[in-house]
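Here the structure comes first, spelled out in C-alpha cells, and everything after it is commentary.
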There are 2 protein chains.
Amino acid sequence: MSRRSEVRQKRHEELLQLLNESPFLTDGELAEHLNVSIATIRLDRTALNIPELRERVLSVAHEQTAEPHSMGNAEIMDIEEGIRGISVLYTDESMCFPGTNVVRSQYLYTMAEDLVTTTAGFRAALINVASIKYKVPVGPNCKLIARSELKSVRKDSCVIWVSIYCERKEIFRAKYILNGEVKTV
Amino acid sequence: MSRRSEVRQKRHEELLQLLNESPFLTDGELAEHLNVSIATIRLDRTALNIPELRERVLSVAHEQTAEPHSMGNAEIMDIEEGIRGISVLYTDESMCFPGTNVVRSQYLYTMAEDLVTTTAGFRAALINVASIKYKVPVGPNCKLIARSELKSVRKDSCVIWVSIYCERKEIFRAKYILNGEVKTV
DNA sequence: TGTTAATTTAGTAGCAGGTGATAATAATGA
DNA sequence: TCATTATTATCACCTGCTACTAAATTAACA
C-alpha cells in the first residue's frame, strides 16, 4: 500500500463524513474543504459511487414527498374537488393543553384548513377570512371526522364550510372564504 | 375583469394544482401540461411567487434533513396577563405550502392562539369563537410579531384581539372570544 | 372599425453545477 | 532513472433556470 493511496483513502473517509454532516455540498465546496481540486472530488465521487448534488437532493426530496405529513395530521379520506371532502384525525395527549384533557384548538383549525384547501383544489395561502366556532372541547383518544362543503363560488373567491364531529356530535364549525390572489410579503 | 385575465387566473390555479400533485415538474413539463409556452410558465411562477425547480427541491430536502419540526413555535416576549402580550416567530420554508413561498395559515393561527390563551391567563381550550382575516400572504424568512390586547371582559367570557405584523405591516388579524366553561367530550 | 394596452410568445445572453474526455504534471516505488 | 499511479487543468457540452428585449397576438374600448 503506497502512501499516496493511503492519503486518498483517508480523503475518501473524510469525504463521506463531510457529506454525512452536510449532504448538500457542491463539488466546489467539497474541494475547498479537502484542499484538492474539483477534478479529484469528481474522481472520488465516482470511485465511491456518490451521485452528484442534484441527484442527492432529489432523492431526499422524494423521500420527503413520499410519506404522509409527519405532523399530527388528518388523513383525507374522500375528496370531490370543488364540492366536498372528508378527513379523519385521531387525537392524543400530545395535542392537549399541558396538564389538561383538552385538545388545543390549533389541531382542529389545521384539520379544517387542510381539508378546505384540498377541497378547493388550490394549495397556496388563499385563505382570506375564517369564522370559527368551537362548540365543545375535545379530549384525547377521540376519532374526529371533518366534513367540508363548498357553499358558493364567485369570480375569484369561494366559500367553504367545515364541520368536525366526534361521535356524531358537532364540536367545531368554520366558514372559510378563499380567494385566488397570491402575493407574499 | 377581462376574459383574458380570467383565463390566466384559471391557469394559475391549474398550475398550483399540478405542482401540488407533482411538485418537481420543470417549467418545460408544466408548459406542456398547460399548453402554453415556457415563457408564460415563468411569468406565472413569478406572479405566484413559486421558486424554480431546484429551490423547490432543495427546500423540501432541507425540511427532511431538519429536525422534526415541533410545530413552528412562537416565542412569547412579553406578557401582561389579562391585558396584552407580544410574541415573535421566524418563518421558514418548512412552514410553506409545498413548492411555494406562502406560509400555511395554520402557523399564523397557532401563533395567535398561543398568544391569546397566554394573555387570557387561562390555560385550557377556552376558545369559543374566532374571526380571522388574512390580509397578506407571508413568505419564508420573515420575522413576525404578534400583539394581543384584551378588549372586554364579561361574566365568564372575554374578547381578545390579535394582530400579526411583518415589518410593521399587518398581515393577519383575529378576534377571539374565550370563555370559562370547560367540558370535554 | 381601428387603436390601444394587456398578454403571450420568442429569442438572446449568462449562470450554477454539474458530465466526460483528454492531456499535462507531479510523486512514488522498483 | 523510469514506469506507474495519482492529481490537476482544460475544453466542450448539458440542464434548468434568470434576466432581458422584442415581436406577435388579442380583448376591449371609443
Side-chain angles (χ1 to χ4, degrees), chain A residues 1-16 18-19 21-62 65 155-156 180-184, chain B residues 1-16 18-62 64-65 93 96 98-101 139-141:
Chain A
M1 185 81 66
S2 71
R3 270 177 213 168
R4 301 195 75 202
S5 49
E6 276 174 37
V7 165
R8 187 175 52 180
Q9 191 151 353
K10 211 168 209 169
R11 194 183 55 239
H12 281 186
E13 283 166 27
E14 287 178 312
L15 181 60
L16 287 169
L18 260 174
L19 281 178
E21 285 162 20
S22 28
F24 306 137
L25 294 174
T26 65
D27 287 0
E29 290 166 330
L30 290 168
E32 220 177 298
H33 276 283
L34 299 175
N35 281 315
V36 288
S37 71
I38 291 184
T40 305
I41 293 294
R42 307 247 230 249
L43 287 174
D44 288 352
R45 268 202 304 106
T46 306
L48 293 171
N49 243 307
I50 299 170
E52 62 169 292
L53 173 66
R54 279 166 199 161
E55 286 177 31
R56 296 201 302 274
V57 170
L58 247 183
S59 72
V60 172
H62 270 124
T65 313
K155 228 189 295 178
D156 31 57
E181 286 298 317
V182 179
K183 258 189 196 161
T184 50
Chain B
M1 185 80 63
S2 69
R3 268 175 219 167
R4 302 194 74 201
S5 48
E6 277 173 35
V7 166
R8 185 173 53 178
Q9 191 152 348
K10 210 168 212 172
R11 194 182 56 238
H12 282 185
E13 282 164 26
E14 288 178 312
L15 182 60
L16 287 167
L18 258 176
L19 280 177
N20 195 29
E21 283 160 21
S22 28
F24 305 138
L25 294 174
T26 65
D27 287 358
E29 291 166 329
L30 290 168
E32 221 176 297
H33 277 283
L34 299 176
N35 282 314
V36 288
S37 70
I38 290 186
T40 304
I41 293 293
R42 310 250 227 246
L43 287 175
D44 289 351
R45 268 203 305 106
T46 305
L48 293 170
N49 238 305
I50 298 171
E52 62 169 293
L53 171 66
R54 277 163 200 159
E55 284 175 35
R56 295 200 303 273
V57 170
L58 245 183
S59 77
V60 172
H62 271 124
Q64 173 79 348
T65 311
E93 295 82 0
C96 295
T100 72
N101 264 340
N141 308 311

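Note that the structure is predicted; figures quoted are calculated from it, not measured. Residue numbering restarts at 1 for every chain, and letters A, B, ... go by the order of the sequence lines.
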Contact under 4.0 Å: R11(A) side-chain N or O vs dT7(D) OP1/OP2: yes
Between dG17(C) (P) and E52(A) (CD): distance, integer Å: 12 Å
Over 12 non-hydrogen atoms of neighbours within 6.0 angstrom of CD in E14(A): yes
Spacing between R45(B) atom CZ and dT8(C) atom C1', to the nearest angstrom: 16 Å
Integer-rounded Å distance: dA10(C) C1' and I41(B) CD1: 15 Å
Interatomic distance where CZ belongs to R42(B) and P belongs to dC17(D) [whole Å]: 6 Å
Main-chain N/O of L19(B) paired to S22(B) side chain as donor or acceptor, under 3.5 Å: no
Any T40(B) side-chain nitrogen or oxygen under 4.0 Å from OP1 or OP2 of dT8(C): no
R8(B) side-chain N/O to dT7(C) phosphate OP1/OP2 under 4.0 Å: yes
Any donor-acceptor N/O pair, R56(B) side chain to P23(B) backbone, under 3.5 Å: yes
Interatomic distance where CG belongs to N49(A) and P belongs to dT19(C) [whole Å]: 12 Å
Among dT8(C), dT8(D), dG18(C), the one nearest L53(A) by side-chain distance: dG18(C)
Separation of dG16(D) C1' from E55(A) CD (nearest whole Å): 15 Å
Nearest-angstrom distance from the residue atom CD1 of I38(A) to P of dA16(C): 12 Å
Distance, rounded to the nearest Å, where D27(B) contributes CG and dC17(D) contributes C1': 7 Å
Donor-acceptor under 3.5 Å (E29(B) side chain, T26(B) main chain): yes
Any R54(A) side-chain N or O less than 4.0 Å from OP1/OP2 of dT19(C): no
